[in-house]
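Data block below; observations after.
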Protein chains: 2
Amino acid sequence: MNLRELSAVLGLSQTTVSRALNGFPEVSEETRARVRAAAELHGYRPSAAARRLATGQSGTLGLVFPGERNFLGDLLFTEFLRGCVGKASELSYDITLAMAHGSQTEESVYRRAVRNARVDAMIVSSPLIEDQRPALLRQLKMPFIVHGRTRSAEPYGFVDIDNEGAFFAAAKLLTDLGHRRIALLNGESRLNFAADRDRGFRKALAARSLPAPDDLLWSGAMVEQEGLAAATAMLSRPAGKRPTAFVCSSIGLALGVKRAAAAAGLAIGRDVALIAHDDRLHGMGAEDFDPPLTATQSPIGEAGRRIVELCVAMLRDPSAPLPQEVWPVDLVVRQSTMAAPGD
Amino acid sequence: MNLRELSAVLGLSQTTVSRALNGFPEVSEETRARVRAAAELHGYRPSAAARRLATGQSGTLGLVFPGERNFLGDLLFTEFLRGCVGKASELSYDITLAMAHGSQTEESVYRRAVRNARVDAMIVSSPLIEDQRPALLRQLKMPFIVHGRTRSAEPYGFVDIDNEGAFFAAAKLLTDLGHRRIALLNGESRLNFAADRDRGFRKALAARSLPAPDDLLWSGAMVEQEGLAAATAMLSRPAGKRPTAFVCSSIGLALGVKRAAAAAGLAIGRDVALIAHDDRLHGMGAEDFDPPLTATQSPIGEAGRRIVELCVAMLRDPSAPLPQEVWPVDLVVRQSTMAAPGD
DNA sequence: TCCATTATTCAAAGCGCTTTGAGACGATCG
DNA sequence: CGATCGTCTCAAAGCGCTTTGAATAATGGA
């Protein structure tokens with residue numbers, strides 16, 4: 001059943017039926033109710049294709065599958081995606097995924113999505129410190145929102161967490177507890193969030209006039225294996241030189257630290273303090289850690305939900321100011337942190 | 001630039017231009033070349049929306065985000081999805097994701113996707129032993145392909161790996177090596193693949209007249225933590241009663257077994273034999289295990305690619321027989337298996 | 001009672017593509 | 001030489017919705 005048939009049944013014009021269904025004010029409530037009832041009765045569903053053609057909007061948001069793949073990156077992306085899809089579903093939007101194939105550059109993927117007008121807006125995830133995508137999308141006149149921030153001359157919409165503040169707070173907690181040799185195991189250094197965390201971390205040390213020596217700063221893939229290797233190296237030094245505390249960018253890294261500590265005969269929360277960032281991935285909560293982990297936490301899925309919400313709002317009112325949100329991050333103290341052992 | 005403008009520029013009708021571009025035979029090669037050149041020159045891109053409306057096809061395949069979330073499940077889904085999106089991209093198809101929200105049942109998600117005619121076909125992942133979805137989709141007249149199999153009275157298209165054969169081969173290898181107490185750590189029992197693996201495993205034991213006692217058969221979430229707990233319990237028995245070999249449905253479980261063995265002072269490949277199924281997840285290859293793991297392996301991403309290919313083929317020729325593929329699974333022997341220790 | 005408003009409803013024109021059914025043009029055949 | 005066939009191209013009719021601009025009915029004020 002299509003609109004024409006439905007309006008024939010009702011003895012109304014297509015215009016009126018369309019407006020009644022879409023909540024336009026110039027239709028009397030009585031008529032609207034009648035139309036709604038008939039639509040329901042006959043199981044009328046407007047054709048998405050026809051609406052797309054008529055409105056020029058596709059009701060679809062696009063997301064590009066990250067090129068590189070790693071274990072935790074995939075988990076984070078999936079959880080973020082889950083949030084996006086969940087909220088999009090509530091708002092009757094679709095999410096479509098794109099991906100570079102063959103020798104295509106990522107740029108061409110964005111160009112293609114835009115040219116084909118298959119999406120109304122795009123979501124940019126995992127921004128690098130220097131990321132071309134905002135400039136590209138702006139040039140292509142494709143609305144977008146970034147999950148995170150990046151260096152960009154021009155303004156753009158984003159939702160980010162306060163990575164700098166979170167890692168400042170984490171490191172400050174440790175310095176307040178008397179730790180003086182604190183290691184940072186961070187995400188890959190070209191990713192913007194890692195740079196922000198690094199900055200926050202350093203500021204907290206600087207506030208106490210503590211050094212941040214290179215050999216206590218590590219960055220790389222945020223998985224257990226890597227954390228284990230990095231922490232093992234750091235903990236292999238003599239007692240007076242090795243770190244008494246670790247701040248990690250992921251719980252995966254924290255697991256590695258824990259294993260490295262165990263191998264060195266050290267216990268987390270007793271000999272070594274540990275704080276990690278917790279993205280609230282299912283099955284990887286800081287509270288499930290042994291011992292329960294002091295953590296900066298912020299649900300990555302929620303960011304996905306919010307970004308979709310903002311994309312839709314942006315499409316409804318393109319003249320509104322660009323959304324720019326920085327979410328505060330909770331620092332939850334649990335059992336993995338303790339006062340620094342006397343040297 | 002749209003079709004009308006392009007044909008005006010060329011001095012041809014829209015019909016001819018459309019056909020030239022879409023490869024219809026009744027257009028001379030000379031004209032086709034001219035049209036192609038002009039389209040390229042003016043950067044003409046057909047409107048997806050208009051094409052959808054005219055053809056009734058959306059050029060989109062649908063996939064429903066699995067409701068339950070677990071660590072490895074997410075990784076497998078993501079890798080599968082990556083394969084789907086990659087191939088879809090090559091074929092100029094879109095993949096859109098749907099998800100139940102609020103109190104919606106999963107069924108209603110499928111119904112909604114179908115009613116709104118937003119997808120041409122759906123991909124059904126992670127089928128249960130008793131899965132309603134094939135029947136539902138058939139009833140809704142929505143083409144679909146299942147990744148895996150399920151019990152269903154009616155025929156349906158699928159791509160699956162030979163889980164039964166793989167686990168038969170794995171268990172047989174172990175019995176051939178003289179193992180008599182072999183444990184199986186499997187995926188959740190309501191999932192069809194787990195049932196298939198269980199069957200293959202049991203057949204191999206039965207072929208040697210070996211028992212398959214319940215206390216050596218475990219199933220649950222396929223993550224390290226769970227594997228550790230299950231294997232620890234099994235290995236805590238006296239030497240003559242504990243298993244000398246394990247077959248695991250995932251490398252995550254195998255990691256758990258390894259840790260349990262280590263805790264019991266046993267080494268994989270020396271005291272305990274270990275075989276796992278390897279879905280070829282990036283960063284979790286059996287060859288990266290220590291020791292390199294004997295494994296049944298089959299890339300889950302390839303299955304995604306193939307399914308998309310088959311979906312598209314099915315849409316192009318709906319009268320073709322339903323694709324039903326069962327892929328053989330390689331058993332690659334590495335260093336984690338050895339002859340059974342003498343009791 | 002009549003005109004100016006306001007509240008409802010409508011007819012028709014797209015949106016940009018595919019596809020049907022024909023027409024035009026040479027070439028081939030009886 | 002007219003009839004028959006291919007080959008190539010075309011005009012026009014949708015696909016099902018939104019939206020513009022106008023018409024009609026209902027209401028209120030003078």
Side-chain angles (χ1 to χ4, degrees), chain A residues 1-39 42-60 92-94 114-120 315-316 318, chain B residues 1-36 38-39 42-60 92-94 114-120 315-316:
Chain A
M1 157 132 318
N2 62 25
L3 185 61
R4 195 184 48 217
E5 290 163 4
L6 181 63
S7 42
V9 166
L10 279 161
L12 289 171
S13 73
Q14 295 189 36
T15 312
T16 305
V17 176
S18 170
R19 294 195 152 153
L21 257 20
N22 292 325
F24 280 61
E26 59 266 70
V27 131
S28 70
E29 277 312 319
E30 187 199 330
T31 307
R32 194 190 305 283
R34 244 182 79 216
V35 170
R36 285 228 178 96
H42 296 88
Y44 167 72
R45 290 291 136 184
S47 142
R51 174 175 292 172
R52 284 172 191 202
L53 179 56
T55 61
Q57 298 257 308
S58 67
T60 300
S92 303
Y93 265 70
D94 281 340
V114 172
R115 268 190 336 207
N116 296 3
R118 284 164 127 146
V119 300
D120 297 333
L315 291 171
R316 290 209 221 284
Chain B
M1 157 132 319
N2 61 25
L3 184 61
R4 196 184 46 218
E5 291 163 5
L6 180 63
S7 41
V9 166
L10 281 160
L12 289 171
S13 73
Q14 295 189 36
T15 312
T16 305
V17 176
S18 170
R19 294 194 153 154
L21 258 18
N22 292 326
F24 279 60
E26 57 266 69
V27 155
S28 69
E29 277 313 318
E30 186 198 331
T31 307
R32 193 190 307 282
R34 244 183 79 216
V35 171
R36 284 226 180 96
H42 295 89
Y44 166 73
R45 289 292 137 184
S47 143
R51 174 175 297 183
R52 286 174 189 203
L53 179 56
T55 61
Q57 297 257 307
S58 67
T60 300
S92 303
Y93 265 71
D94 281 340
V114 172
R115 268 192 333 208
N116 297 3
R118 284 164 127 146
V119 300
D120 297 335
L315 291 170
R316 290 209 221 285

Side chains of [X] and [Y] in contact at under 4.5 Å (non-hydrogen atoms):
X: B/Gln14; Y: B/Ser7; result: yes
X: A/Tyr44; Y: A/Val17; result: no
X: A/Asn2; Y: A/Ser47; result: no
X: B/Arg118; Y: B/Thr60; result: no

- Of the non-hydrogen atoms in A/Ala20 and A/Arg36, which two are nearest, and what is the gap between them? O-NH2, 4.4 Å
- Message: Tell me the closest heavy-atom pair linking A/Asp120 and A/Gly56, and the distance in Å.
- Response: OD1-O, 4.4 Å
Nearest-Å distance, [atom1] ([X]) to [atom2] ([N])?
X: B/Leu53; N: C/dG14; atom1: CG; atom2: C1'; answer: 12 Å
X: A/Tyr44; N: D/dG16; atom1: OH; atom2: C1'; answer: 7 Å
X: A/Leu6; N: D/dC17; atom1: CG; atom2: P; answer: 9 Å
X: A/Leu21; N: D/dT18; atom1: CG; atom2: P; answer: 8 Å
X: A/Met1; N: D/dC17; atom1: CE; atom2: P; answer: 10 Å
X: B/Gln57; N: C/dT19; atom1: CD; atom2: P; answer: 10 Å
X: A/Arg45; N: D/dC15; atom1: CZ; atom2: C1'; answer: 20 Å
X: A/Arg52; N: C/dC17; atom1: CZ; atom2: C1'; answer: 15 Å

- Would you say D/dC15 has OP1 or OP2 under 4.0 Å from some side-chain N or O of A/Asn2? no
- For C/dG16, does OP1 or OP2 lie under 4.0 Å from any side-chain N or O of B/Arg4? no
- Closest to the side chain of A/Arg19, out of C/dT9, D/dC17, D/dT18, is C/dT9
- Message: Going by the rule side chain to side chain donor-acceptor pair (under 3.5 Å), which residues pair with A/Ser28 if we only count those two or more places apart in sequence or in a different chain?
- Response: A/Thr31
- Message: Applying side chain to side chain donor-acceptor pair (under 3.5 Å), can you list everything that pairs with A/Ser13, at least two apart in sequence or on another chain?
- Response: A/Thr16
- Message: With each end axis built from five pairs of C1' atoms, what bend angle do you get for the helix from C/dT1-D/dA30 to C/dG30-D/dC1? Round to 10°.
- Response: 60°
- Query: Relative to the 5' end of DNA chain D, which residue comes earlier, A/Asn22 or B/Thr55, by the nucleotide with the nearest heavy atom?
  - Reply: B/Thr55
Roughly how far, to the nearest 0.5 Å, is the [atom2] atom of [Y] from the [atom1] atom of [X]?
X: B/Leu6; Y: B/Leu21; atom1: CG; atom2: CG; value: 7.0 Å
X: A/Arg51; Y: A/Leu3; atom1: CZ; atom2: CG; value: 10.0 Å
X: B/Met1; Y: B/Arg4; atom1: CE; atom2: CZ; value: 10.5 Å

Got a list of protein N/O to nucleotides 23-28 of chain C N/O distances below 3.5 Å?
none

- Task: Output the residues of residues 23-39 of chain A in contact with DNA chain C, where contact means a heavy atom of the residue under 4.0 Å from an atom of the strand; sort by number or write none.
- Result: A/Glu26, A/Ser28, A/Thr31
- Is a side-chain N or O of A/Arg34 found less than 3.5 angstrom from the main chain of A/Leu10, in a donor-acceptor match? yes
- Please confirm whether the backbone N or O of A/Phe24 pairs with a side-chain atom of A/Arg32, one donor and one acceptor, at under 3.5 Å? yes
- Query: Which residues within residues 7-16 of chain B lie with some heavy atom under 4.0 Å of an atom in DNA chain D?
  - Reply: B/Gly11, B/Leu12, B/Ser13, B/Thr15, B/Thr16
